[in-house]
Amino acid sequence: MAEMPYAAAVNRALAEELAHDERVVLLGEDVRAGMFGTTSGLVQRFGEDRVINTPIWENGIAGMALGLAITGLRPIAEVMFADFMYLAMDQIANQIASWTYMTGGQTSVPLVIRTAGGAGFAIGYNHSQVTESAFVGPPGLKVVAPSNAADAYGLLKTAVRDDDPVLVFEHKFLYFVPQEVPDEEFLVPLGKANVLRPGDDVTIVAIGSMVGKALEAAETLAAEGISAEVIDPRTLVPLDQETIFGSVARTGRLVTVEEGRKRGSVGSEIAAEVAEKVFGSLKAPVVRVAAPDIPVPPGPLAESMYVPSAERIVETVRGLVA
Amino acid sequence: MSTDGRGETLPILPIDPQTLLALHRKMVTTREAERIWADMLEKREFYLMGHFGTGQEAVGVGLGHALEATDYLFPTHRGIAEYVGKGMSQDDIWAEYFTKPAGPARGKGGLHLSQYEVGLVGLVGSLGADYAISAGAALSAKLRQSGQVTVIGFGEGTSSQADLGSTMNVAALWKLPLVFAMTNNSWCELSPAEEHVCTPLVAPRADGYGIPWSVVDGNDVAAVYSAAKTVVERVRSGAGPYFLEFMSYRMGPHWSGDDGSYMCEDDLCAWRERDPIALCEQRLVEQGVASAADLAGVREAAVAEVTAAIARAGSLPDLTYDDMLAGVYTGAPAGAAREVS
Ligand SMILES: Cc1ncc(C[n+]2csc(CCOP(=O)(O)OP(=O)(O)O)c2C)c(N)n1
Ligand SMILES: [Mg+2]
């Protein structure tokens with residue numbers, strides 16, 4: 001098992017899928033050079049017809065991916081920053097999401113849109129948000145948020161082979177963190193959560209970059225005699241409700257953790273589902289740990305206060321278990 | 001290739017009588033279907049609002065008829081001429097309009113018709129969304145070396161969506177087999193084109209992208225067909241994109257719930273003189289291809305065809321709650337959606 005950065009795992013998955021199916025094509029801004037290294041080197045191997053640099057036109061990248069997907073190809077589009085997914089909203093929410101339904105299944109929409117979200121560079125505003133919560137609503141999309149290199153690899157490969165549109169929310173700060181990825185080829189199924197740490201007192205459902213912080217928090221809590229179960233849903237749509245509900249039914253407590261803002265968050269949706277379906281098991285209110293409802297502030301100081309920390313998770317859990 | 005601000009005058013190809021008759025029949029079918037549709041609305045017998053294309057039939061029919069079944073056509077929201085031109089049957093159109101599962105899109109299209117076997121891949125409801133999608137379809141054809149041409153239809157009002165410029169850029173940059181087919185009908189919903197578009201013509205903008213363009217009489221079906229044939233074959237041979245602007249006029253209100261009182265009677269009268277069906281019939285009679293009786297027969301047959309299709313569609317089984325929930329994902333049964341709701 002080799003260690004490789006998340007970005008290299010993404011690159012490996014893309015190379016394998018380009019080799020695996022000649023209908024797969026990559027398109028996006030600077031995908032030939034590769035801004036974060038995720039697509040670097042692929043054009044040399046697969047040629048300019050498979051790895052396509054586009055003009056700066058996010059709605060077009062998404063829309064062209066749709067046009068490619070309904071005419072026999074399997075595009076993997078890249079939107080450089082997750083903030084710019086909003087520029088592609090008409091294509092994603094109005095067109096891509098509904099095309100299979102609207103055409104009565106005459107076509108499927110086998111496309112992937114990858115994007116890089118998250119803070120870490122302290123530049124704020126339009127280069128720092130995670131935006132996946134805005135995409136869990138439109139029916140017809142599948143949404144994944146890999147939290148580590150192995151999942152980034154395995155989920156992306158599955159997404160490319162899936163016949164429905166899949167949005168992959170990668171995390172640009174995780175890109176550079178080396179992690180273990182098995183050497184042999186593997187797929188990670190969509191819709192299956194990963195229970196990373198079993199526990200009895202509280203269920204922590206953490207997304208993307210927050211999974212590492214939740215594990216750190218669980219370690220601290222264990223030293224205090226609090227046993228936290230940490231679940232990474234990996235796929236946000238369709239959500240593995242069974243695993244989450246089963247865990248909450250046992251622990252009676254739920255904390256959701258995400259880097260995005262609180263209002264209208266992914267955690268809001270999970271909390272509502274839990275309240276509807278396993279309310280009777282709850283021993284405490286569901287709590288969402290999330291960013292405050294403000295624009296992403298610039299500068300390292302503000303950013304460190306904006307992004308939820310392991311300490312905040314620890315304090316939140318302490319408050320629930322006490 | 002720049003056309004120096006003057007555009008190109010395309011040759012008028014000779015048209016054989018059979019083709020002209022076919023174009024005429026399709027225009028009449030379109031006109032009669034939309035008229036019957038409007039009648040049904042008037043009598044409150046039908047739910048579906050119409051954006052009728054009375055007076056513009058030549059554009060959609062001429063374009064659609066000039067294409068191969070395998071070519072992709074992204075139609076406009078106005079009327080059914082493009083669908084009829086491309087070969088979608090009245091039965092299939094009405095099954096969809098009645099949202100019956102027997103329709104080509106299982107009744108999920110409604111107004112947003114599609115029929116993949118004739119190259120009709122879908123109609124968007126948000127104007128201009130299909131510019132980028134059409135570029136993707138054209139890129140796909142180019143990458144697959146399939147020889148297919150893609151035609152993106154739109155109105156002069158929709159030319160204001162920014163994606164038109166982006167799409168012209170990418171089409172020229174990548175020499176895509178894409179035809180921009182704009183109908184300039186002088187109206188954008190309830191306001192005149194002068195309030196929307198800063199120049200009388202939109203096509204000259206193509207010069208800025210190095211895309212050749214031509215302005216075509218959109219009320220002369222033979223001219224539309226001829227222009228489409230010439231341009232489509234050029235584009236098919238790898239010459240890159242082309243921009244066609246069809247001059248026509250919307251001889252009625254924007255939609256069925258609109259009385260059109262803001263329109264000018266003088267303009268309407270002037271354009272009625274140039275009714276595309278009347279012009280075509282004049283030519284058919286002059287050339288001795290058809291008699292007045294033949295033409296009346298075409299109309300009667302069209303009315304019978306549409307009426308029968310509507311009756312059949314109306315009596316098809318309706319969709320069920322499960323049908324409604326199914327198909328959000330590829331092959332997804334109703335169960336998945338029911339689970340969520
Ligand atoms: C994104 C979007 N904005 C507005 C509308 C409402 N709308 C429907 S038709 C229309 C006018 C379009 O004018 P034009 O492109 O000239 O086509 P025409 O109706 O003349 O055929 C408008 C504004 C819409 N459907 N989609
Ligand atoms: Mg118009």
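Bear in mind the structure is a predicted one, so any value in this text is a computation, not a measurement. Naming convention: chains lettered A, B, ... in sequence-line order (proteins, then strands); numbering from 1 in each chain.
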Engaged part of [X] at the chain A interface, taking heavy atoms whose separation is under 4.5 Å:
{"X": "B:T330", "answer": "both"}
{"X": "B:T167", "answer": "both"}
{"X": "B:L139", "answer": "both"}
{"X": "B:L173", "answer": "side chain"}
{"X": "B:P101", "answer": "neither"}
{"X": "B:A162", "answer": "neither"}

Choice from [options] maximising heavy atom contacts with chain B below 4.5 Å:
{"options": "A:D49, A:L68, A:N94", "answer": "A:L68"}
{"options": "A:V109, A:I56, A:T103, A:L141", "answer": "A:T103"}
{"options": "A:L66, A:V25, A:D162, A:L239", "answer": "A:L66"}
{"options": "A:S108, A:A65, A:G140", "answer": "A:G140"}

Ignoring hydrogens, what is the shortest heavy-atom contact between B:A129 and A:D90? Give both atom names and the distance.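 Closest pair (atom of B:A129, atom of A:D90, distance): CB-OD2, 3.3 Å.
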Please give me the minimum heavy-atom distance between A:Q91 and B:A132, naming the atom from each residue. NE2-CB, 3.9 Å
Around [X], counting heavy atoms of other residues, nucleotides and ligands shown, do more than 12 lie under 6.0 Å from its [atom1]?
{"X": "B:Q145", "atom1": "CD", "result": "no"}
{"X": "A:R74", "atom1": "CZ", "result": "yes"}
{"X": "A:M35", "atom1": "CE", "result": "no"}
{"X": "A:E22", "atom1": "CD", "result": "no"}

Which residue out of B:G109, B:G122, B:S146, B:G107 racks up the most heavy-atom pairs below 4.5 Å with chain A?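 Winner by heavy-atom pair count: B:G122.
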Using the rule given for side chain to side chain contact (heavy atoms under 4.5 Å, CB included), can you reason through B:V121 versus A:Q106, listing the C-alpha separation, both sets of side-chain angles and the distance that settles it, and then say yes or no? CA-CA 9 Å; B:V121 291; A:Q106 290 175 88; over 6 Å; no
Is any side-chain heavy atom of [X] closer than 4.5 Å to a side-chain heavy atom of [Y]?
{"X": "A:L73", "Y": "B:R144", "answer": "yes"}
{"X": "A:I52", "Y": "B:W174", "answer": "yes"}
{"X": "B:V124", "Y": "A:W99", "answer": "yes"}
{"X": "B:R106", "Y": "A:Y101", "answer": "no"}
{"X": "B:L143", "Y": "A:R50", "answer": "no"}
{"X": "B:K108", "Y": "A:M102", "answer": "no"}
{"X": "B:S126", "Y": "A:Q95", "answer": "yes"}

Criterion side chain to side chain contact (heavy atoms under 4.5 Å, CB included) on B:Y72 and A:T71, from CA distance to verdict: CA-CA 9 Å; B:Y72 303 120; A:T71 55; 3.3 Å; yes
Checking A:I70 against B:I133 for the side chain to side chain contact (heavy atoms under 4.5 Å, CB included) test, could you report, in this order, the C-alpha distance in whole Å, the side-chain angles of both residues, the deciding distance, and whether it holds? CA-CA 9 Å; A:I70 62 176; B:I133 306 170; 4.2 Å; yes
Check step by step if side chain to side chain contact (heavy atoms under 4.5 Å, CB included) holds for A:N59 and B:Y131. CA-CA 10 Å; A:N59 201 48; B:Y131 291 128; over 6 Å; no
Regarding A:W57 and B:N169, is there a side-chain donor-to-acceptor distance under 3.5 Å anywhere? no
Please answer whether the main-chain N or O of A:D163 pairs with a side-chain N or O of B:Y329 as donor and acceptor at a distance below 3.5 Å.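 Checking the backbone N and O of A:D163 against the side chain of B:Y329, no donor-acceptor pair under 3.5 Å is found.
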Chain B contact via A:S98 - which portion, at a heavy-atom distance below 4.5 Å: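 Contact with chain B: none, neither part.
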